[in-house]
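This report concerns only the one structure given below.
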Amino acid sequence: MTLPPLDLQNAEAMQADWTVAATPASGPLSARKLAALTPRPPASHAANTNTFLSEALDHLNFPPAMRRLLLTPQREVAVKLAIRRDSGELATFHAFRVQHDDSRGPFKGGLRYSPEVDLDDVRSLASLMTWKTAVMDIPFGGAKGGICCDPRQLSERELEALTRKLVQALRPVLGAHTDIPAPDMNTGAREMGWFMDEYSKAVGFTPGIVTGKPVHLHGSLGREAATGRGTVFAIRELLQAQGLGGIAGKTFVIQGFGNVGSWAARILHEQGGRVVAVADAYGAVAAEGGLDVPALVQHVTAGESLASFPGGSEVPKERILAVPCDVLIPAAIGGVITEANAGALQCTIVAEAANGPITPDGDQVLRRRGITVLPDIYCNGGGVTVSYFEWSQNLQSYRWTEEEVNARLDRTMTEAFRGIWEVATRERLPLRTAAFVIALQRVAQARANRGFD
Ligand SMILES: NC(=O)C1=CN([C@@H]2O[C@H](COP(=O)(O)OP(=O)(O)OC[C@H]3O[C@@H](n4cnc5c(N)ncnc54)[C@H](OP(=O)(O)O)[C@@H]3O)[C@@H](O)[C@H]2O)C=CC1
Ligand SMILES: O=C(O)CCC(=O)C(=O)O
């Protein structure tokens, strides 16, 4: 295997961002030496997140010590999980939980099961959660976790065993007032149900330990659709603010047809939007006049491949981002829009339903081209917002109606948008930088009010 060339400058910058404050015994020089010895890939997810944050930190003129405090995760946990495979073989998996910041409330953030999960990825996602909960103004901090595994290669029993092992390994750092996980890629209500059960076995019945649970097991009505629904509210607000009318009649392209992408598609379709192309990890399907989304959902739910949907024509999935539309919605993985392909996009808005789908270089290209980006920390904040509603219901042993949940979600998304739009307009900032500015101010203020000693 050929290793990428050492990039000491980048390695030093990254190490300084993430670990200087965590290694107080070593002075700046030894931190630099350590950085030189442990290089990271140049375009890591964590570095990308910090590049975006740095622009907002520069705008706020925060001093270096405060910058370091805000950029550095509070705690990083790496664990090894061993399970017995159905074959009888022993298998081990690496898992992580990064607790980035809890200045404004308990750590909060999802759990991802994917072969791409590593500490760098989880660091970046944990940091995004801190800024997301702050910009949405819900009383949580930020965390993220994941297991490096390919869930497609695991049986349901193996996945359950792995989830239970994860709870056992992380239990010392979790709690309904300490750190509350939730679903993310390749996890959902089923995994959250196992999670709650395993935690409750050890400490007594605790529905508030995790959100996104099955509805009949203290999950909130509306949580499953919340991230997709919140994305639609975010797009609606932006279209209105730009004087471009509403969802009806606009065209949408969606990359990712899992929880977030499929719910966004359904709700857009219900509201008269034309979903002209969608992709999953294996293929893509397009129809210029708009796909029949309910029929597509039925097709996929029946176990058929997305690309074989008879109501559209198959397109190479690599071309999905370049399909002409009003709004492009990346709703799958990170880092898909880069300097190399941002010039090919044919949309006026990119709504970041996924976390980190645009790299900083790609973002620059979109800015130059006048394409507006609804940033992830706001655009996909509907999920954690309804997680907050679920947690609140759990703490009170109470259930809200779906209408109430959706109405509250609408209010929260709308208010957050107005705040971001106001700062962006007043300070002449892109929406992403404006969102980070608001979030950074809230977190820094909370940290300062709590004191440092
Ligand atoms: N779930 C939630 O509440 C929240 C999720 N998010 C973010 O939204 C994104 C999607 O999450 P979620 O919907 O929950 O995840 P899911 O696992 O439910 O769905 C992921 C989707 O992305 C597809 N996908 C994976 N890789 C690619 C690829 N290379 N090209 C095209 N499609 C791909 C998958 O395809 P296939 O099925 O074929 O594998 C699947 O359709 C993630 O970035 C997540 O962090 C953000 C906030 C909250
Ligand atoms: O619902 C939650 O608590 C977190 C969801 C999540 O992981 C995210 O917003 O990226």
Side-chain angles (χ1 to χ4, degrees), residues 18-19 21-24 45-46 49 69-83 92-114 117-134 138-149 160-185 187 191-213 355 383-384 387-388 390-391 394-395 443 446-447 450:
W18 290 113
T19 59
T23 52
H45 296 287
T49 300
L69 183 73
L70 295 172
L71 290 172
T72 313
Q74 205 155 307
R75 183 191 275 144
E76 301 183 345
V77 182
V79 293
K80 185 179 68 181
L81 311 175
I83 61 159
T92 55
F93 298 85
H94 294 285
F96 308 93
R97 185 76 179 165
V98 174
Q99 297 175 328
H100 179 262
D101 189 281
D102 66 350
S103 303
R104 301 181 60 262
F107 297 109
K108 186 87 187 81
L111 292 172
R112 178 177 286 201
Y113 293 180
S114 152
V117 164
D118 63 17
L119 188 53
D120 171 73
D121 194 23
V122 178
R123 266 186 194 140
S124 159
L125 294 164
S127 172
L128 288 175
M129 286 308 306
T130 298
W131 317 117
K132 192 181 300 182
T133 54
I138 56 177
F140 289 125
K144 200 80 167 200
I147 304 177
C148 180
C149 67
E160 179 174 348
L162 207 46
T163 305
R164 291 185 185 279
K165 283 289 169 87
L166 181 68
V167 178
Q168 290 162 20
L170 295 182
R171 192 158 60 78
V173 299
L174 300 175
H177 294 278
T178 312
D179 185 348
I180 305 128
D184 191 75
M185 277 188 84
T187 60
E191 286 75 13
M192 301 307 117
W194 293 331
F195 199 100
M196 187 201 84
D197 181 65
E198 190 62 27
Y199 188 84
S200 296
K201 273 186 202 162
V203 305
F205 193 69
T206 316
I209 184 59
V210 69
T211 57
K213 299 178 293 293
N355 283 305
V384 72
S387 276
Y388 163 49
E390 179 170 325
W391 180 74
N394 293 161
L395 295 187
V443 174
R447 182 35 61 205
R450 288 178 71 159

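Numbers here are sequence positions counted from 1. The analysis underlying the following values was restricted to heavy atoms, covering all of them including side chains, and did not include hydrogens, waters or symmetry mates.
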Within the structure provided, determine whether [X] and [Y] are in side-chain contact (heavy-atom separation under 4.5 Å).
X      : Y      : answer
Leu170 : Asp179 : no
Tyr113 : Thr163 : yes
Glu76  : Phe96  : no
Val79  : Lys165 : no
Asn394 : Lys213 : yes
Pro207 : Met196 : yes
Val122 : Val117 : yes
His45  : Leu125 : no

Would Leu111 and Phe195 count as a side chain to side chain contact (heavy atoms under 4.5 Å, CB included) if you check the C-alpha gap in whole Å, the side-chain angles of each, and the deciding distance to 0.1 Å? CA-CA 11 Å; Leu111 292 172; Phe195 199 100; 3.6 Å; yes
Please report the shortest heavy-atom distance between [X] and [Y], naming the atom on each side.
X      : Y      : value
Phe107 : Gly142 : CD2-O, 3.4 Å
Arg171 : Ala202 : NE-CB, 3.4 Å
Ala169 : Leu81  : CB-CD2, 3.9 Å
Ala82  : Thr92  : CB-CG2, 4.0 Å

Euclidean distance, [Y] [atom2] relative to [X] [atom1], rounded to 0.5 Å:
X      : Y      : atom1 : atom2 : result
Leu71  : Thr130 : CG    : OG1   : 10.5 Å
His177 : Thr206 : NE2   : OG1   : 9.5 Å
Asn355 : Ser124 : CG    : OG    : 8.0 Å
Thr178 : Asp102 : OG1   : CG    : 9.0 Å
Thr72  : His100 : OG1   : NE2   : 7.0 Å
Phe140 : Lys108 : CZ    : NZ    : 5.5 Å

Trace of the side chain to side chain contact (heavy atoms under 4.5 Å, CB included) decision for Asp197 with Arg164
CA-CA 9 Å; Asp197 181 65; Arg164 291 185 185 279; 2.8 Å; yes
Subject >> Trp391 and Ser387: side chain donor to acceptor below 3.5 Å >> reply: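 Not at all, the side chains of Trp391 and Ser387 share no donor-acceptor pair under 3.5 Å.
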Could you check whether any side-chain N or O of [X] sits under 3.5 Å from a backbone N or O of [Y], counting only pairs where one atom can act as donor and the other as acceptor?
X      : Y      : value
Thr133 : Met129 : yes
Lys144 : Arg97  : no
Arg123 : Pro73  : no
Glu191 : Pro183 : no

Starting from the C-alpha separation in whole Å, work towards a yes-or-no answer on side chain to side chain contact (heavy atoms under 4.5 Å, CB included) for Tyr199 and Val210. CA-CA 9 Å; Tyr199 188 84; Val210 69; over 6 Å; no
- Task: Output, in order, the C-alpha distance, side-chain angles, deciding distance and verdict of side chain to side chain contact (heavy atoms under 4.5 Å, CB included) for Val167 and Trp194.
- Result: CA-CA 9 Å; Val167 178; Trp194 293 331; over 6 Å; no
